[in-house]
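Take a look at the structure below.
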Amino acid sequence: MRRLMIPVVVYSICALIVGLLLAVAISIYPLGSDYYQCKSTSMISSGSYYARSKEICEQMKYSPGVK
């Protein structure tokens with residue numbers, strides 16, 4: 001059992017570090033690129049999302065089933 005625990009713990013720590021780095025990179029990428037932040041006007045969802053242009057935000061705002 002001990003022989004299996006060491007690789008599992010090392011893999012878990014590596015996966016956690018890589019996952020955190022990817023999460024930070026993915027959340028920062030839209031801020032540094034040419035995406036436009038679309039404000040959510042929904043009472044259910046308080047989040048916002050990103051689109052390539054303001055026109056796409058307008059289309060998504062009136063499209064049923066889309067954030």
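Computation of the quantities below employed the complete heavy-atom set of this structure, encompassing side-chain atoms and omitting hydrogens, waters and symmetry-equivalent molecules. Everything quoted here is computed from the prediction, not taken from an experiment. Numbering starts at 1 and runs along the sequence shown.
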Do the side chains of I26 and V18 join up, straight or via other hydrophobic residues, at under 4.5 Å, putting them in one cluster? no
What I'd like to find out is whether the side chain of P7 reaches to under 4.5 Å of the side chain of V10, using heavy atoms alone. no
Apart from Y11 itself, what residues make up its hydrophobic cluster, given side-chain heavy atom links below 4.5 Å? none
